[in-house]
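Down below is the structure, laid out as structure tokens.
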Number of protein chains: 2
Amino acid sequence: MEKQTVTIYDVAREAGVSMATVSRVVNENQNVKETTKKKVLEVIERLDYRPNAVARGLASKRTTTVGVIIPDVTNLYFSSLARGIDDIAAMYKYNIILANSDQSTHQEVKVLNNLLSKQVDGIIYMGTTITDELYKEMLRSKTPVVLAGTMDQLHEIPSVNIDYKTATEEATDLIVSNGHKQVAFITGTLKNTSFNDLRLKGYRESLEKVDITFNEKNVYEIPLTYQAGEHVVDKLLAKGYTAAVVVDDEVAVGMINSLADHGVKVPEEFEVITSNNSKLTKLTRPCLSSIAPPLYDIGAVSMRLLTKIMHKEEIFDNEITLPYRIEKRQSTK
Amino acid sequence: MEKQTVTIYDVAREAGVSMATVSRVVNENQNVKETTKKKVLEVIERLDYRPNAVARGLASKRTTTVGVIIPDVTNLYFSSLARGIDDIAAMYKYNIILANSDQSTHQEVKVLNNLLSKQVDGIIYMGTTITDELYKEMLRSKTPVVLAGTMDQLHEIPSVNIDYKTATEEATDLIVSNGHKQVAFITGTLKNTSFNDLRLKGYRESLEKVDITFNEKNVYEIPLTYQAGEHVVDKLLAKGYTAAVVVDDEVAVGMINSLADHGVKVPEEFEVITSNNSKLTKLTRPCLSSIAPPLYDIGAVSMRLLTKIMHKEEIFDNEITLPYRIEKRQSTK
DNA sequence: GTGAAAGCGCTAACAG
DNA sequence: CTGTTAGCGCTTTCAC
């Protein structure tokens, strides 16, 4: 399968210069006379020469490729980040190797090693939980890693996030200020996630400000799926809850639809606020109120941070916290 | 930035064999004695040797990487295909370089050439339109290309699709059988797309079966966005339409929400059927009836087809047509 | 069953 | 400003 036919050597011969000169022209090195440069470019054009990035990668030890580990491209939260990542990557002439991890540790470690063997210049990791095994591998890696929309417990790996605790606190404030006493907190797993821990803390502190005692019974750890959202509503209604703070949009959509199916009016009889402000929040009726993290920007800034690390530029802060908004829509009063 | 420290040479030395033998072990070549194999594997483990895929790619001219051109990862239709592609790719030990094209020809040609320079072993293209310029580049490429969920006018490039014409015909049948006379057809651009052409034909033939004269005025070419869906509803209502066949789910969601906002009851006063059966169709209230192409499978089969071409296996059919269903939900009677 | 040696196409000193 | 010369780490004949 001869993909490449014309090499730098062919160009050099045709143009009557050395490979080194061609290389210089291709890499936009200044030290080339205008006339020879023109000549070389002409030959490149004529021969339709395309530099072989693999050879280049081997010789220079830089592949201009970064690995992106994503739980599932089909999840709007992550794909929104991915879009920001890719745009900035393209701007800096990097390509992206996208790998779905399904959030399974085994997969993730495999994927990480696979990416490293491909000699990516950097890695962006997305996902809600970081197990010890994966964490160790990341720390061990000489290839820089940036966490997008997630963080490690010890805050050793550069990351880009919002202030989850305060955001969740504000979101909960919005609800308790309407007088609710039974407010459920719907979350994914609380294992290995400093991320959901922070949210839980925000929820808790909000309640305590209005003298509602925090009770673990009000915390529901469920799978982050539409169906799980539908199901949890049955329980919530049976137990008399009148509001919920939700960490995932798909879950929240499931809940809001299920509430409608139960004939429960939102927001009059039940209030819901969710956390990611993905497209979905605007597609439901009523529209979902939500914490609004700058999804695209989290991805974009992560990639930008990674380029800085890869280029050994000075970094002022390894842990970037982006601002968020609270979008009040129709699922809260 | 020394990413790689231990090389095949180190392993060879430690194990007291030649590089060639190590290479054979790594590549699972049969011609190695069980005992030397064991010895080599032990050293690999001990040294934590990881083959350098870039060097391997240069030497073997195979990168086990495929390029995937996607208009926007954030679009559920395309990301669902992408998920199928990645899963099958992983199964065959390929990685994916994902590139967002924004469906802009200029971008696409650039991206394609970029992918080729990275020496990908194959390319999967997603997108609704294929301009002549891009088409030429694809045909010229010695690297195999497969079209996922789209097709070229001349059917020269291998592709995986459903029968858009018949599917749209059936979808329209469903609506006209309920007696509607004014049925709009909401589509994206009709330029450079054998794809939407086929759908239009299906729509047209369905109408003609019940003696409704096809009229171009009923065809609305709009951007495929939620907002455009909302806006087009104003026009449709003003002109007295009572039903619409829509080619894109986001548009359909915009329409259904806008209809609700106008106080128009769906499906009683207005019926809508859409085309992609993405997650979105189940999240709206009422749920959207839809043509249901096997999204994940279109991606998966495309990738499988590509592996066959890359491995020079025998191909029985370059143009694969997968079966679809019609999902009747609540937006049609 | 194993080793030696010749590249793959390019970059990166180092001379000049 | 330009050319020469080593590799980068691996696969792949071709011998033995």
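Chain letters run A, B, ... following the sequence lines, proteins first, then strands; residues in each count from 1.
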For [X], which residues count as a side chain to side chain contact (heavy atoms under 4.5 Å, CB included) partner, sequence neighbours excluded?
X      : result
B:E14  : B:V43, B:R46, B:L47
A:S18  : A:A20, A:T21
B:Y92  : B:I88, B:Y94, B:R304, B:T307
A:E156 : A:Y135, A:L139, A:D152, A:L154

Given [N], is OP1 or OP2 found less than 4.0 Å from the side-chain N or O atoms of [X]?
X     : N      : answer
B:S18 : C:dT2  : no
A:K61 : C:dC10 : no
B:T21 : C:dG3  : yes

Sugar-phosphate, base or nothing in reach of B:V54, heavy atoms under 4.0 Å |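 Nothing: the residue B:V54, judged by heavy atoms under 4.0 Å, touches no strand.
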
B:D132: what forms a salt bridge (charged side-chain N to carboxylate O under 4.0 Å, His left out) with it, not counting sequence neighbours?
->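 Checked B:D132 against salt bridge (charged side-chain N to carboxylate O under 4.0 Å, His left out); zero matches.
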
Residues in salt bridge (charged side-chain N to carboxylate O under 4.0 Å, His left out) with A:E319, at least two apart?
->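 In terms of salt bridge (charged side-chain N to carboxylate O under 4.0 Å, His left out), with neighbours along the sequence ignored, A:E319 is linked to no residue.
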
Rounded to 10°, tell me the angle between the two end axes of the helix from C:dG1-D:dC16 to C:dG16-D:dC1, each built from five pairs.
->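 Between the first-five-pair axis and the last-five-pair axis there is 30°.
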
Pick the nucleotide of DNA chain C nearest each of A:L58 and B:E34; which residue has the one closer to the 5' end?
->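 Whichever sits nearer the 5' end wins; that is B:E34.
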
Just how far, in rounded Å, is [atom2] of [N] from [atom1] of [X]?
X      : N      : atom1 : atom2 : result
A:N29  : D:dT2  : CG    : P     : 11 Å
A:R62  : C:dC10 : CZ    : P     : 17 Å
A:K37  : D:dC1  : NZ    : C1'   : 13 Å
A:K39  : D:dC1  : NZ    : P     : 14 Å
A:K38  : D:dC1  : NZ    : P     : 14 Å
A:N31  : C:dC14 : CG    : C1'   : 14 Å
B:K118 : C:dC10 : NZ    : P     : 15 Å
A:Y9   : C:dT11 : OH    : C1'   : 17 Å

Please report the shortest heavy-atom distance between A:V11 and A:V6, naming the atom on each side.
->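 Closest approach of A:V11 to A:V6, heavy atoms only: CG2-CG2, 4.3 Å.
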
For residues B:D121 and B:T64, report the shortest heavy-atom separation together with the two atoms involved.
->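 That would be OD2-N, 2.7 Å.
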
Set of residues satisfying ring-ring contact (aromatic ring centres under 6.0 Å, His included) with respect to A:F195, sequence neighbours excluded =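 For A:F195 the ring-ring contact (aromatic ring centres under 6.0 Å, His included) partners, ignoring immediate neighbours, are A:Y164.
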
Base versus backbone protein contacts along nucleotides 11-16 of chain D [heavy-atom cut-off under 4.0 Å; B, S, -] | BB----

